[in-house]
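Everything on this sheet refers to the single structure shown next.
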Amino acid sequence: MSSSEEETPLNAVKRKRVTSKPELALSESEDGLAAGSEKVKTPTTSFSEDESEDVPLKKRKTNSKATQSRPRVKKESPSSASVSPRKKNQQSKEPKIKKEDTPRVKTEDEAEEEEKYKWWEQQDLNDEIVWDTLEHNGVIFPPDYEPLPSHVKLIYDKKPVSLPPAAEEVAGFFAALLESDHAKNPTFQKNFFADFLEVLKENGGCPDAEITEFEKCDFSQMFEYFQKQKEEKKAISPQEKKRIKQEKEKMEEKYKFCLLNGRREQVGNFRVEPPGLFRGRGAHPKTGKLKKRVQPEDITLNLSKDAPIPPPPEGHQWGEIKHDNTVAWLAMWRENVLGSVKYVRFAQNSSLKGMSDFKKFEKARELKNYIDAIRKDYRAKLKSELMMDRQLATATYLIDVFALRAGGEKSEDEADTVGCCSLRYEHIFLKPPNTVVFDFLGKDSIRFYQEVEVDPQVFKNLRIFKKSPKKPGDNLFDRIDPSVLNKYFQSYLPGLTAKVFRTYNASKTMQDQIDLIKNEGTVNEKVVKFNAANRTVAILCNHQRTVSKNHEAGVQKINEKIEEMIWRKIVLKRMMLQQDKSLRKKDFKYFEEVDDMSKEEEQKIIERVLQKEKEKIEKRYERELLKLGYEELTKDEKAKKKEELAADHKSRLEKHKELEKTYKNEFKTGTYEIKPTQTVEKLQQQVEKIETRIKNTSLQLKDKEDNSQVALNTSKINYIDPRLTVMFSKKFNVPIEKLFTKTLREKFAWAIESADENWRF
DNA sequence: TGCAGGACTTAGGAGTAATTTG
DNA sequence: CAAATTACTCCTAAGTCCTGCA
């Protein structure tokens, strides 16, 4: 209760942030090592070098503006900015800023530094206008469809049929998925087939047959052709692969970057989505529908008024050109399946994305200062006379405690998934006295199943919300929806919404978990602990993944490995005893396990070990023979070599037989053949070695098991304040590379530079 | 004043590259 | 050194939340 209220409202939080910032400038060098070398290579783009001549006036203007408008202004700006989202100018808000704003001349250094613009060292995070100037090269379109060779056909009613290219393309989309779950999904089949028939009709139909029934379509020939193509692609030489890749990169280079306020920044998804079959998740009513090819005419570009308009593809026009600097997209088009809009945006490592990430986490940190009051309030409100208030309070409880999403209304032609406000009668089961079982499909049709104890009053309320005449299919919360809920949250803190609770609770959990970690062990052990902390967050947020097909097999394999190691260890210990029986008395515990393994078990393991060894020998021989086939030798040489190999192989096999005999004999008699070098000391060392290996492998197995159903990345990327990860890295001396991949390091550059080992969420 | 739709974040899986293993 | 395994990136669907409009 008396926790976070340290007289530290927003200012203190912010001040802390600001002061912690300038202290560390290390990451400069880190960056240099890791990504630097590649970064330097890239300036072949049309932007960058020629910048200075290319974009004269407005460039100057923006540059000066970019650097100029950030004197060390009030710390208020970040948070107050988010208070006034996209209203008219912020003039009324921060008049002072304008005044202090003396146009600075930019120094040489700044000009050179331009590439690595550190927005987080600036203070002005205005968010009405998102850019001053924006220049880019448009988008890349997927290649045109290439008809299949004439011997590859759709088989209809047992006969190969020809299709107009447009229809063949659609059939091909399905054929490519033939062995996936999609192709077995009746909805997918139905939607695909309907659209396929339509395209077929539009293009003159099939000359060879009247296609009317999905069941009579046989896509296997097409499928096999695609498989073969894949194989062929895989088989091309590595150099050739590299060359193709480089060529592609060169071609795409100019689309990869844009000029944002005169600075070079990366674009995210500059490739227009290719046509295909819509792969809706879960029981999506529209899954399988044809996603049509996007034409330049469908595309709206967004860039500066005076920026050059990228040329549309030969013989085409752009749909529309816009100059809207209140939005952060470079291009958009409307997609035909759901009628929603697709955007081409800045990359994750761009300053704009970084800023909004930063704001998101700062908003969540702000919630720290209100959470006690909010919790107190909703606990009281749980008993409110007003139904709406009760629902409000109960929903807030669920969001706060179980990290549920807000749960907006969904239309009929989407998958039936829910969040808090859209929970229905059938999604919760009440078990008195106060246990609730949640069972529903959330975002992406991921099942949320939890049996939990809740506050008694919450339990009572849920029972009331389920009372008749309510029945399955009815909303639990009938008086509220996300907008009501969010309005309620905003009364505490502007900008506070349901999703902020998820961010807050996730980061808070991570902080708490990190606080529990002791700074000991190897780097890898610490990484494992970090992942364990990460995992608690992922579990809180219900971030799941489907267990991979070969998970079970993988686990079994590791288990066998462990068994074998244990057996070897036991054998070593027996050897020790054989040399000195008195050892057993000296350390009974140490030798206890010698008798733990049952005879049957041991026999099985021995056989398995021998079997594996044998397989290895056979495989090796096969490989050697194969290799010999490629070698450029005369017939005689080859024959000779072959003989040698065969001899080697034979001797290995004999050795193996020998080993087999030894093992079996040892197993039968219980006495071991001990080499003179295997002194008791040596054996003991070996035991130690094998023990650490067992420990490591077991740890690895546990990690594998624990992670099999949990997706750690989503929380790492979206919910855990990256400064926590950086703090962990610095405090525990774990290289950040072990925690963030290259792309994440770029995305979170701001965090890597601004958090130290004492940073707290 | 409510709701459709625009703009943005969050999400898991497919595909590919890198690393380990046998 | 190839195959298996794991790590990481790319892709795009599916949410949230807000605004503007009727």
Side-chain angles (χ1 to χ4, degrees), chain A residues 85-87 130 177 180-182 230 233-234 238 241 245 268-269 271-274 276 278-282 284 286-287 291 302 324 326-329 332 334-335 337-343 345-348 352-353 356-357 360 405-411 414-415 417-422 441-446 481-487 489-490 495-500 502-503 506 538 541-546 548 550-551 553-554 557-558 561 612-613 615-617 619-620 622-624 626-627 700 704 707 710-715 717-719 738 740-744 746:
Chain A
R86 43 193 81 242
K87 273 271 97 84
V130 304
L177 297 173
S180 72
D181 289 343
H182 293 296
K230 255 190 226 163
K233 208 174 143 198
K234 226 162 80 185
K241 264 188 205 163
K245 204 180 143 197
N269 53 332
R271 273 179 280 262
V272 170
E273 290 176 18
F278 174 70
R279 281 130 111 147
R281 315 209 175 122
H284 196 120
K286 294 198 170 179
T287 194
K291 208 169 85 168
N302 190 33
D324 185 352
T326 67
V327 294
W329 50 263
M332 63 142 262
R334 193 171 289 281
E335 152 270 353
V337 176
L338 303 166
S340 64
V341 181
K342 301 272 191 174
Y343 299 95
R345 316 176 144 280
F346 294 99
Q348 290 299 332
L352 278 176
K353 291 278 195 196
S356 64
D357 241 22
K360 175 183 79 183
R405 296 187 184 81
E409 205 58 35
K410 294 192 74 182
S411 84
E414 294 174 275
T417 63
V418 300
C420 183
C421 293
S422 46
L441 297 183
K443 180 176 180 179
D444 290 313
S445 293
I446 295 295
D481 62 33
S483 79
V484 173
L485 199 59
N486 286 335
K487 227 167 254 162
F489 292 149
Q490 322 253 336
L496 182 60
T497 61
K499 81 196 259 289
V500 179
R502 256 168 93 80
T503 313
C541 295
N542 200 40
H543 292 143
Q544 299 185 17
R545 55 177 192 167
T546 50
S548 68
N550 22 25
H551 171 73
K557 218 169 151 184
I558 296 178
K561 220 161 96 187
K612 277 186 187 169
E613 285 292 324
E615 274 167 21
K616 245 191 265 175
I617 293 169
K619 271 230 174 105
R620 178 176 172 171
E622 270 170 43
R623 239 195 353 254
E624 283 170 339
L626 200 71
K627 211 175 96 194
Q700 186 193 332
K704 195 185 172 90
N707 275 343
V710 183
L712 300 188
N713 257 329
T714 308
S715 50
I717 293 172
N718 300 297
Y719 288 101
K738 294 259 175 188
F740 281 151
T741 64
K742 178 162 159 278
T743 37
L744 283 189
E746 283 172 13

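Naming convention: chains lettered A, B, ... in sequence-line order (proteins, then strands); numbering from 1 in each chain.
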Arg345(A) (side chain) donor-acceptor with Trp329(A) (main chain) under 3.5 angstrom: no
Candidates dA11(B), dC10(C), dA14(B) - which lies nearest the side chain of Thr743(A): dC10(C)
Of the listed nucleotides dA14(C), dT12(C), dA7(B), the one nearest the side chain of Glu273(A): dT12(C)
Side chain of Lys499(A) - closest among dA14(C), dT10(B), dC18(C): dT10(B)
OP1 or OP2 of dT16(C) under 4.0 Å from side-chain N/O of Thr497(A): no
dT5(C) phosphate, OP1 or OP2, under 4.0 Å from Lys704(A) side-chain N/O: no
Integer-rounded Å distance: dT12(C) P and His182(A) NE2: 13 Å
Minimum-distance nucleotide to Arg281(A) side chain [options: dT16(C), dG12(B), dA7(B)]: dG12(B)
DNA chain C: 5'-proximal contact among Leu744(A) and Ala498(A) (nearest heavy atom): Leu744(A)
Quiz item: Lys443(A) side-chain donor-acceptor pair to dT10(B) base, under 3.5 Å: yes
Base-contact (B) and sugar-phosphate-only (S) positions in nucleotides 16-22 of chain B, heavy-atom cut-off under 4.0 Å, - elsewhere: -S----B
Closest to the Gln490(A) side chain, choosing from dA14(C), dG12(B), dC18(C): dC18(C)
DNA chain C: 5'-proximal contact among Phe278(A) and Phe740(A) (nearest heavy atom): Phe740(A)
